[in-house]
Amino acid sequence: MKNCKILVIDDESRMRKLVRDFLTKKGYEVLEAANGEEAMEIFYEDKDIDLLILDVMMPKMDGWEVCREVRKTSRVPIIMLTAKADERDELLGFELGVDEYVTKPFSPKILVARVEAILRRSNVNTDDGIIRIGDITMNKNAHEVFVGNQPIELSFKEFELLAYFIENQGIALSRERILNNVWNYDYFGDARTIDTHVKKLRNKLGERGGYIKTIWGMGYKFEVTKE
């Protein structure tokens, strides 16, 4: 994968430095902006930005305004940072096209993991729609899944669930987060529906169902077992 370029937008210089240091250690190129207006200037000038890390509360032009402006012309992934853990803010963010939502204070290592997951999700979806991980091959365009050379019949939601797991491999996912992303916010079912679908998915994947790890008291994590 190419050396990805990330624009970090936050009015706190200390926060920008913290995020920049962790990202550069991972080999990412980092650009910085101290407010929304500066961010948009950089964004319009540089067409190679792969991801935005965007604070909500900023002078001149806040994160919501930046997000709206960016989404007029681009689908570049956006991670929104906020000091408030407010469900209404989260919902607004996702409605505006935010890909991920991180509440301050946060672990820089977790933020980097989120960045890697989103960039992986953006890059694993090749032009032919084929994703390969471990013994699993997924063709998103043809809606097909193979374990080794054996085709696996999955329902629409099982297919979407597996795709979401693969695109977020290595990240612990709560049941609520899975529900919100795979079934969307307008689904009012019980989160236990996740357990039912995971059980069916594991059974259909056979031995490779073990890639889906249970995180007790929280949810699940997709992790390829190294043999």
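Keep in mind the model is a prediction, meaning the values are calculated, not measured. In what follows, every heavy atom counts, from backbone to side chain, and hydrogens, waters and symmetry copies are set aside.
At a threshold of 4.5 Å between side-chain heavy atoms, the hydrophobic network of Ile, Leu, Val, Met, Phe, Trp and Tyr places Met218 and Ile110 in two separate groups. Linking Ile, Leu, Val, Met, Phe, Trp and Tyr whenever their side-chain heavy atoms come within less than 4.5 Å puts Val112 and Phe106 in one cluster. In terms of hydrophobic clustering, with Ile, Leu, Val, Met, Phe, Trp and Tyr side chains grouped at heavy-atom distances under 4.5 Å, Phe146 and Ile131 are assigned to different clusters. The cluster map of Ile, Leu, Val, Met, Phe, Trp and Tyr, joined by side-chain heavy atoms under 4.5 Å apart, puts Val70 and Tyr44 in the same cluster.
A cation-pi contact links Lys25 to Phe22, judged by a cut-off of 6.0 Å to the six-membered ring centre and 45° from its axis.
No side-chain heavy atom of Thr82 sits under 4.5 Å from any side-chain heavy atom of Asp55. Residues Lys104 and Leu81 have side chains in contact (heavy-atom distance under 4.5 Å, counting atoms from C-beta outward). Between Val115 and Leu23, the closest side-chain pair of non-hydrogen atoms falls below 4.5 Å. The shortest distance between side-chain heavy atoms of Asp135 and Gln150 does not fall below 4.5 Å. Val145 has its side chain out of reach of Asn139: every pair of non-hydrogen atoms, C-beta onward, lies at least 4.5 Å apart. Asp11 places a side-chain heavy atom less than 4.5 Å from the side chain of Pro59. For the pair Arg177/Tyr164, a side-chain contact is recorded, criterion being any heavy-atom separation below 4.5 Å from C-beta on. Here the side chains of Leu52 and Ile79 are not in contact, with every heavy-atom distance at 4.5 Å or above.
Using a 4.0 Å cut-off between a side-chain N of Lys or Arg and a carboxylate O of Asp or Glu, Glu223 and Lys213 do not qualify as a salt bridge. A salt bridge does not link Glu12 with Lys17: none of the charged nitrogens is closer than 4.0 Å to a carboxylate oxygen. A salt bridge is defined here as a Lys NZ or Arg NE, NH1 or NH2 lying under 4.0 Å from an Asp or Glu carboxylate O, and Lys157 with Glu160 meets this definition.
Arg202 places a side-chain N or O within 3.5 Å of a backbone atom of Ile212 that can act as its donor or acceptor partner. Looking only at distances, no side-chain donor or acceptor of Ser74 sits under 3.5 Å from a matching main-chain atom of Arg71. Panel note: side chain Ser107, backbone Lys109; a donor-acceptor pair is recorded below 3.5 Å. A donor-acceptor pair is defined here as one N or O able to donate and one able to accept, closer than 3.5 Å; such a pair exists between the side chain of Asn35 and the backbone of Glu38.
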Under the salt bridge (Lys or Arg N to Asp or Glu O under 4.0 Å) rule, what do Lys140 and Glu167 come out as? Steps first, then yes or no, please. CA-CA 12 Å; Lys140 298 189 77 173; Glu167 291 164 352; 2.6 Å; yes
Which is it for Arg20 and Glu29 under the salt bridge (Lys or Arg N to Asp or Glu O under 4.0 Å) test, yes or no, and what are the steps along the way? CA-CA 9 Å; Arg20 182 190 68 222; Glu29 181 180 350; over 6 Å; no
Decide yes or no on side chain to side chain donor-acceptor pair (under 3.5 Å) for Tyr220 and Asp195, but give the supporting numbers first. CA-CA 9 Å; Tyr220 299 95; Asp195 299 332; 2.6 Å; yes
Report the C-alpha distance between Tyr211 and Ile133 in whole Å, list the side-chain angles of each, state the deciding distance to 0.1 Å, and finish with yes or no for side chain to side chain contact (heavy atoms under 4.5 Å, CB included). CA-CA 10 Å; Tyr211 290 169; Ile133 181 167; 5.9 Å; no
Could you give me the CA-CA distance, side-chain angles and deciding distance for Met80 and Val102, then say whether side chain to side chain contact (heavy atoms under 4.5 Å, CB included) is met? CA-CA 6 Å; Met80 187 76 88; Val102 177; over 6 Å; no
Going through the checks in order, is the side chain to side chain contact (heavy atoms under 4.5 Å, CB included) test met by Leu111 and Val19? CA-CA 8 Å; Leu111 177 62; Val19 174; 3.8 Å; yes
Carefully, step by step, assess Thr193 and His197 under the rule side chain to side chain contact (heavy atoms under 4.5 Å, CB included). CA-CA 6 Å; Thr193 192; His197 279 77; 3.5 Å; yes
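Taking both residues in full, the closest heavy atoms of Ile171 and Ala113 are given as CD1-O, 3.5 Å, listed atom of the first, atom of the second, then distance. Minimum heavy-atom separation, Ile42 to Ala33: CD1-CB, 4.0 Å. Shown here for Gly63 and Leu54, the closest heavy-atom pair between the two residues is O-CD2, 3.4 Å. Of all heavy-atom pairs between Leu51 and Val76, the closest is N-CG2, 3.6 Å.
Summarising the local packing, CG of Asn203 is surrounded by more than 12 heavy atoms from other residues, nucleotides or ligands at distances under 6.0 Å. Heavy atoms from other residues, nucleotides or ligands lying under 6.0 Å from NZ of Lys47 number more than 12. More than 12 heavy atoms of other shown residues, nucleotides or ligands fall within 6.0 angstrom of atom NZ in Lys204.
How far CG of Leu7 is from CG of Asp50: 11.0 Å, rounded to the nearest 0.5 Å. The NZ atom of Lys60 lies 15.0 Å from the CE atom of Met40; values are rounded to the nearest 0.5 Å. To the nearest 0.5 Å, atom SG of residue Cys4 and atom CD of residue Glu116 are 10.0 Å apart. Expressed to the nearest 0.5 Å, how far CZ of Arg16 lies from CG of Leu18 amounts to 12.0 Å. The line from CZ of Arg175 to CD1 of Ile178 is 8.0 Å long, rounded to the nearest 0.5 Å. Of the inter-residue distances, the one linking Lys200 atom NZ with Ser155 atom OG reads 7.0 Å to the nearest 0.5 angstrom.
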